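Below you'll find the structure, written out as structure tokens, and then a few comments.
These figures come from a predicted structure and were not determined experimentally. Note: hydrogens, waters and symmetry copies are ignored here, and every other heavy atom, side chains too, is used.
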Amino acid sequence: MGEEKQMKAYQRIAPFIEIMDSTLRDGEQTNSVSFLPHEKLMIARTLLKDLNVDRIEVGSAGVSEGEADAVKMICRYASRIDMLHKVEVLGFVDGHRSVDWIADCGARTVNLLAKGSLRHCRQQLDKTPEQHIADIEDCVEYATSKGMTVNVYLEDWSNGMKDSPEYVYQLMDAITKTPVARFMLPDTLGIMNPLQVIEYFRKMVKRYPSLHFDFHAHNDYDLAVSNSLAAVLSGAKGLHVTVNGLGERCGNAPLASVQVILKDHFKARTNICEDKLNMASKIVEEYSGIAVAPNKPIVGENVFTQVAGIHADGDNKDNLYCNDLMPERFGRKREYALGKTSGRANILRNLQEMGLELTPEQTRKVTQRITELGDRKEIVTPEDLPYIVSDVLKHTPPEEKVKLLSYMVTTSYGLKPLASIKVEINGRQYEADSTGDGQYDAFVKALRKIYKANLNRTFPLLENYAVTIPPGGRTDALVQTVITWQYDDKTIRTRALDADQTEAAIKATIKMLNIFEENNN
């Protein structure tokens, strides 16, 4: 009951939590991730201008010339928009080298990495606590003499509180007498659980009630978000996050998840613009090369897609299956997947979206066909729906503007494959031949000839081509081909199923051309 009262009291206060994003420093320690200087600048711009993050940690002192170039670029940009005070760089207790490096790059805030556990102090530095404290005091004094702001990380603080709390207090008692702005407490190895965070953080806040404490979580036990929120509940005034949870080993606390839980569960206030979270996620995903899991909360591709038909039915009846995480809040929209569990409600939603109206009996037949496809593991997309409807109703749809009348593809050893095709486009027939690097390539090149020579139009650009065989596939198995095309700023993704891979690809291509023609007429 005491914890419940404390939570209610906490929510009434509605504290403001400062968010520091470390994607460009700690996030770059993700295996295989290395941002180019201009990529770092683009991400920094997104964090500062679009997401409105309070602070960004953009690099580590002395790493490389490329790191220096990136920090300089970001500092110049931040200075122009009067946000240089939000840019921070990790520095080390190494005399004056780190401070000089950071100052030369144009940054004005040093995040000084001190040792937060006796084990690290003695075994890594081979120094006594008194020697390390003296070195820290010298760095802080030098940086402040240059007009810089200093924050201090207590590296391995979680183990320090667990194994050597007297050392932590000795360190803190000394450096609290210096002009340090923030004390940043990391769970460097991701070893803590929320109960330990609450215990250790409350001890720190009780002993040093006037200080600003940040918490920096790592996700080794998949507790980074929970531990971050436990820290806030216990008095933390700032949290460290990364976009998409990037970071060393298992990563850091992901910005999107921390933000929504702070707001929805703790009623805490931040400056984050939630409708930009998805955009930032996509930018970092592209530059880092680390794909976001489709079921990752807030930013995953599938998180606002309802699959079960009962859920779509409930959404039609006063949003019965919706929570506070509405897609519009994040600049997204809800979608209704098509498959064996879709049910009539999902299909009706998609039909309404496309402006298609069917009778109840027609809808039943379409639902049955989609269920059959789902049972065979085929993925059904909204783009497929008009073709399924057409197939079920046994008629040629009026919007079928492209028809493949006949084609032949050949292949032989030592010679390039040949394709000969005859198509009807908007009521007129065209023929073309072409060779290619494969049967499908030859087919597409013949189509391109028709579009260029006969129609004087640009053919869509093939962006991605994927072929899959359902589980248990044999030599006579059905092949699913998924092709993604790009034209102007639009993307078309079509799928087709056939026992022959080339035939499946050709069917998917004709589907694409019908959508293309419909959108360009």
Side-chain angles (χ1 to χ4, degrees), residues 335 337-338 347 349-358 362-363 365-366 369-370 373 378-409 419-432 434 439-467 478-498 500-521:
E335 297 180 355
L338 299 171
I347 292 163
R349 279 273 187 166
N350 281 279
L351 290 171
Q352 290 167 6
E353 191 79 17
M354 295 178 176
L356 294 173
E357 295 184 9
L358 301 181
Q362 290 169 338
T363 302
K365 289 181 178 179
V366 170
R369 179 59 58 86
I370 290 173
L373 290 168
E378 184 177 7
I379 301 168
V380 183
T381 68
E383 291 88 348
D384 292 323
L385 192 53
Y387 296 92
I388 295 171
V389 171
S390 174
D391 184 47
V392 168
L393 301 185
K394 304 297 183 186
H395 72 81
T396 301
E399 65 270 17
E400 188 176 6
K401 299 177 181 295
V402 180
K403 300 176 184 178
L404 180 60
L405 302 179
S406 61
Y407 77 92
M408 178 186 69
V409 291
S420 180
I421 68 172
K422 183 178 182 179
V423 295
E424 182 181 300
I425 302 173
N426 296 317
R428 297 191 62 181
Q429 295 184 7
Y430 305 94
E431 296 183 25
S434 183
Q439 291 177 315
Y440 179 65
D441 184 51
F443 178 85
V444 171
K445 285 181 176 176
L447 277 174
R448 288 185 186 279
K449 275 188 179 182
I450 291 171
Y451 269 79
K452 182 176 181 181
N454 299 100
L455 302 177
N456 194 28
R457 290 169 56 193
T458 301
F459 195 83
L461 179 67
L462 192 151
E463 190 174 76
N464 194 31
Y465 180 106
V467 176
L478 290 173
V479 175
Q480 180 176 263
T481 303
V482 182
I483 307 180
T484 304
W485 304 82
Q486 190 78 29
Y487 72 98
D488 295 336
D489 59 344
K490 299 181 178 65
T491 298
I492 301 175
R493 183 179 294 109
T494 52
R495 294 167 166 82
L497 197 71
D498 197 89
D500 181 87
Q501 177 178 326
T502 302
E503 178 74 12
I506 289 172
K507 286 180 178 179
T509 303
I510 298 302
K511 284 186 180 184
M512 176 277 295
L513 286 176
N514 273 288
I515 297 172
F516 177 64
E517 291 297 327
E518 184 68 30
N519 292 341
N520 284 275
N521 283 283

message = On a heavy-atom basis, which atom in A446 and which in A432 lie closest, and how many Å separate them?
response = O-CB, 3.5 Å
query = Looking only at heavy atoms, what is the nearest atom pair of I483 and A505, with distance?
reply = CD1-O, 3.8 Å
note = dist I421:CD1 -> E431:CD (nearest 0.5 Å) comes out at 9.5 Å
ask   = Just how far is it from atom OH of Y430 to atom CD1 of I450, taken to the nearest 0.5 Å?
value = 9.0 Å
query = Does Y451 have any ring-ring contact (aromatic ring centres under 6.0 Å, His included) partners at least two apart in sequence or in another chain, and if so, which?
reply = F459
remark   = Shortest non-hydrogen pair, L461 vs R448, comes out as CA-NH2, 4.4 Å
request  = To the nearest 0.5 Å, tell me how far W485 CH2 sits from L513 CG.
outcome  = 7.0 Å
Closest non-hydrogen atom pair between V409 and A419, with its separation = CG1-CB, 3.9 Å
Atom pair NZ/NZ of K452 and K445 - distance to nearest 0.5 Å = 12.5 Å
ask   = Got a second to check how far T509's OG1 is from K511's NZ, nearest 0.5 Å?
value = 11.0 Å
task = Identify the heavy atoms of K401 and N514 that sit nearest to each other, and give their distance.
result = N-OD1, 2.6 Å
note = OG1 of T502 to OH of Y440, rounded to nearest 0.5 Å, is 10.0 Å
ask   = If only atom types and distance count, is the side chain of S420 paired as donor or acceptor with the main-chain N or O of M408 below 3.5 Å?
value = no
